[in-house]
Amino acid sequence: MTVVDVRTTAETAFLDAVGSTLPGLRLLTDPLDRESYRRDETAYLTSGLPLAVALPTSTAEVAALLRLATEHRIPVVPRGAGSGLSGGAAGVEGALTIAFTAMDRILAIDHADLVAVVQPGILNAAFKAAVAAEGLFYAPDPASYEICSIGGNIGTNAGGLCCVKYGQTRDSVLGLEVVLADGTILRTGGRNVKDVAGYALTALFVGSQGTLGLVTEATLRLRPAPPPRATLIAFFPTLASAGDAVRAIGEAGVAPVTLELMDKPTIEAVDDWHHLGLDRTAAAMLLVESDVAPAAAIDELDRAAAACERAGASSVVRAADATEADWLRQGRRLALRALERLGTVRMEDVGVPRGRVTALLEAIDEIARRHGVRIATFGHAGDGNLHPNFVFERDDPRAEALTEAARADLFRAAIALGGTITAEHGIGTSRRSALVDQVGPDAIRVMRSIKAALDPLGILNPGKVL
Ligand SMILES: Cc1cc2nc3c(=O)[nH]c(=O)nc-3n(C[C@H](O)[C@H](O)[C@H](O)COP(=O)(O)OP(=O)(O)OC[C@H]3O[C@@H](n4cnc5c(N)ncnc54)[C@H](O)[C@@H]3O)c2cc1C
């Protein structure tokens, strides 16, 4: 089949200008190539075919592209590895997608300052491995760490499996190089652990999903490598008892590095795939890890185990060794993929204050029953962040309508519990209409003012977030 491209005069002039200004730039214009940049991991959301896809190798190229985009009024979509779960990197019809895959170098690892300087395209796992080889640790740890980039993590303020102890991506970003819509190259922050000079611009760009500027370099906070982890899993007869254990672990003053939850449908899906010998009769399980020195880790897990038992755990099991612990953690990381073996999955990302996990679990259960939908829930329970997944037969024509109705109730429930409609995946396009319900019209007005100040023509990732 031949695809006929119909371009506007402005689009043609823009592509010509890119070609003549940056003759060495890798620019994909073939429709089939562009098609593979249409979506992120949210295949069910509406997306557009990019006009072209640029794969720059330097900040100078990114700045030149944005100057031309401003001049020709062409929208720009920044893209990392495309693993996002809110449509943030999804294509926009007639827009230039700038994919950072080829800007993936580590520019410095500094043991004295405990920082690294990286380009945005490096994958989280590759970066983690490089600093680990030098006896250091980069904390942010999304379950997708093998397939997501640092730039995308900054774009979404990614969370993951050890936020409960080390915070979200924002807590590990000390400085940024950002290219603004008009091509200005801005530096924010730096290597200082403490820095209160003016407004917190670094924090503002983290999580802005490419709507305020394009990150071309990041200075990231490192830590000395912690000891190997000690791991336990606890099984519970009810969802409420698992939620109560999350609260009890916090109240006991235990600070685990990982506190993850999987409900029964997730346990079964993970176990069907990986045969980990999980208790399939349980309503939920918690995965608890400690990364303090071995003697202290035994004490930390003893206290976590006691808290689980007080909350009503049916069994508490310690991982026999590091390999078993790795399998359990990997099983949790692959929970989404395990559910995807059952059908089409639409994943949500609500959060509540940690003490209200039980109430959120009960609300999810009630919503599933009321709407007659199958929901499998797992998530970062220690952060109060749960991922209810709507699971449908492939090609179920009711999937969209049922999801929309159920997730409207889910958002309402999270907000009523003092929580959030998205804890780590971002608003993107998928949750845009619900944002005002959480933050209110005044906050939306302030956000719009910031957007207008940084991107007056509205060319950066239009239709995302606001
Ligand atoms: C199996 C699976 C598990 C996951 N687990 C987690 C998890 O535990 N925690 C979590 O937080 N997320 C998780 N995610 C979601 C996703 O991996 C994260 O949101 C991740 O941060 C996206 O990174 P990416 O490189 O794929 O970015 P993309 O999806 O390409 O982009 C994400 C956003 O960042 C913007 N962006 C990308 N690069 C730049 C840049 N250089 N400058 C400015 N903006 C930019 C994009 O425009 C987009 O809005 C998971 C996804 C999958 C598929």
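Quantities reported herein were computed from a predicted structural model and do not represent experimental measurements. First listed ligand is number 1; within each ligand, the first listed atom is number 1.
A salt bridge is defined here as a Lys NZ or Arg NE, NH1 or NH2 lying under 4.0 Å from an Asp or Glu carboxylate O, and Asp291 with Lys165 meets this definition. With respect to Asp326 and Arg229, no salt bridge is recorded, no charged nitrogen being found less than 4.0 Å from a carboxylate O. A salt bridge links Lys264 with Glu268; the closest basic N to acidic carboxylate O contact falls under 4.0 Å.
Polar contact with ligand 1: absent for Cys148 (N/O pair, distance under 3.5 Å). On a distance-only criterion, Ser149 and ligand 1 share at least one N/O pair closer than 3.5 Å. Between Glu424 and ligand 1, an N or O atom pair is found at a separation short of 3.5 Å. The distance criterion of under 3.5 Å between nitrogen or oxygen atoms is not met by Val77 with respect to ligand 1. Any N or O atom pair closer than 3.5 Å counts here, and Phe100 shares no such pair with ligand 1. Annotation: Asp40 places no N or O atom under 3.5 Å from an N or O atom of ligand 1; distance criterion only. Polar contact check, Ala81 against ligand 1: a nitrogen or oxygen pair lies under 3.5 Å apart.
With 3.5 Å as the limit, one finds no donor-acceptor pair spanning the side chains of Thr211 and Asn461. Side-chain contact check for Thr59 and Glu217: no donor-acceptor pair (N or O, by modelled atom type) lies under 3.5 Å. In this structure, a donor-acceptor pair under 3.5 Å is present between the side chains of Glu289 and Thr231. Defined by atom type and a distance below 3.5 Å, a donor-acceptor pair is missing between the side-chain atoms of His274 and Gln330. A donor-acceptor pair shorter than 3.5 Å cannot be found between the side chains of Glu41 and Ser144.
Taking the six-membered ring where the residue is Trp, His425 and His387 present parallel rings, their angle staying beneath 30° rather than reaching 60°.
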Would you please test Glu348 and Thr403 for side chain to side chain contact (heavy atoms under 4.5 Å, CB included) and show each step? CA-CA 10 Å; Glu348 280 309 327; Thr403 306; 5.6 Å; no
Could you walk me through whether Val288 and Ile233 pass the side chain to side chain contact (heavy atoms under 4.5 Å, CB included) test, one step at a time? CA-CA 6 Å; Val288 189; Ile233 50 175; over 6 Å; no
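Looking only at protein heavy atoms, the nearest one to atom 32 (C) of ligand 1 is Thr156 CG2, 3.7 Å. Looking only at heavy atoms of the protein, atom 15 (C) of ligand 1 is closest to Ser83 O, 3.6 Å. At the shortest separation from atom 1 (C) of ligand 1 among protein heavy atoms lies Leu336 CD2, 3.7 Å. Remark: minimum distance from atom 34 (O) of ligand 1 to any protein heavy atom is reached at Gly155 CA, 3.5 Å. When only non-hydrogen protein atoms are considered, atom 46 (C) of ligand 1 lies nearest to Pro78 O, 3.2 Å. Ser144 CB, 3.8 Å is the protein heavy atom nearest to atom 52 (C) of ligand 1. In this structure, atom 27 (O) of ligand 1 lies nearest to the protein heavy atom Gly152 CA, 3.3 Å. What sits closest to atom 42 (N) of ligand 1 on the protein, heavy atoms only, is Val215 N, 2.9 Å.
Ligand-side atoms of ligand 1 in range of Asn461: 47 (O), 49 (O), range being under 4.0 angstrom from any heavy atom. Close contacts between ligand 1 and Arg337 involve ligand atoms 53 (C) [criterion: under 4.0 Å to a heavy atom]. Counting atoms of ligand 1 from 1 in the listed order, those under 4.0 Å from a heavy atom of Leu214 are 42 (N), 43 (C). Against a heavy-atom cut-off of under 4.0 Å, Gln209 is close to the following atoms of ligand 1: 47 (O), 49 (O). Every atom of ligand 1 is numbered from 1 in the order shown, and the set under 4.0 Å from a heavy atom of Gly82 is 24 (P), 26 (O), 28 (P), 29 (O), 30 (O). Close approach of ligand 1 to Gly88 is summarised as follows: ligand atoms under 4.0 Å from at least one heavy atom of the residue are 47 (O), 48 (C), 49 (O). Listed by atom number, the atoms of ligand 1 under 4.0 Å from Gly213 heavy atoms are 43 (C). Remark: ligand 1 atoms within the under-4.0 Å shell around heavy atoms of Pro120 are 41 (N).
Residue-level proximity to ligand 1 for His380 is carried by the side chain, the only part with a heavy atom below 4.0 angstrom.
Applying the 6.0 Å contact sphere to CZ of Arg280 captures more than 12 heavy atoms from other residues, nucleotides or ligands.
Residue nearest to atom 21 (O) of ligand 1, selected from Thr211, Asn124, Asn153, Val76: Asn153 (by heavy-atom distance).
Figure legend: Arg333 and Tyr145 shown as a cation-pi pair, the cationic atom lying under 6.0 angstrom from the six-membered ring centre and within 45 degrees of its axis.
With Gln119 contributing its side chain and Arg105 its backbone, the two residues share a donor-acceptor pair below 3.5 Å. Between the side chain of Arg394 and the backbone N or O of Gly343, at least one donor-acceptor pair lies under 3.5 Å.
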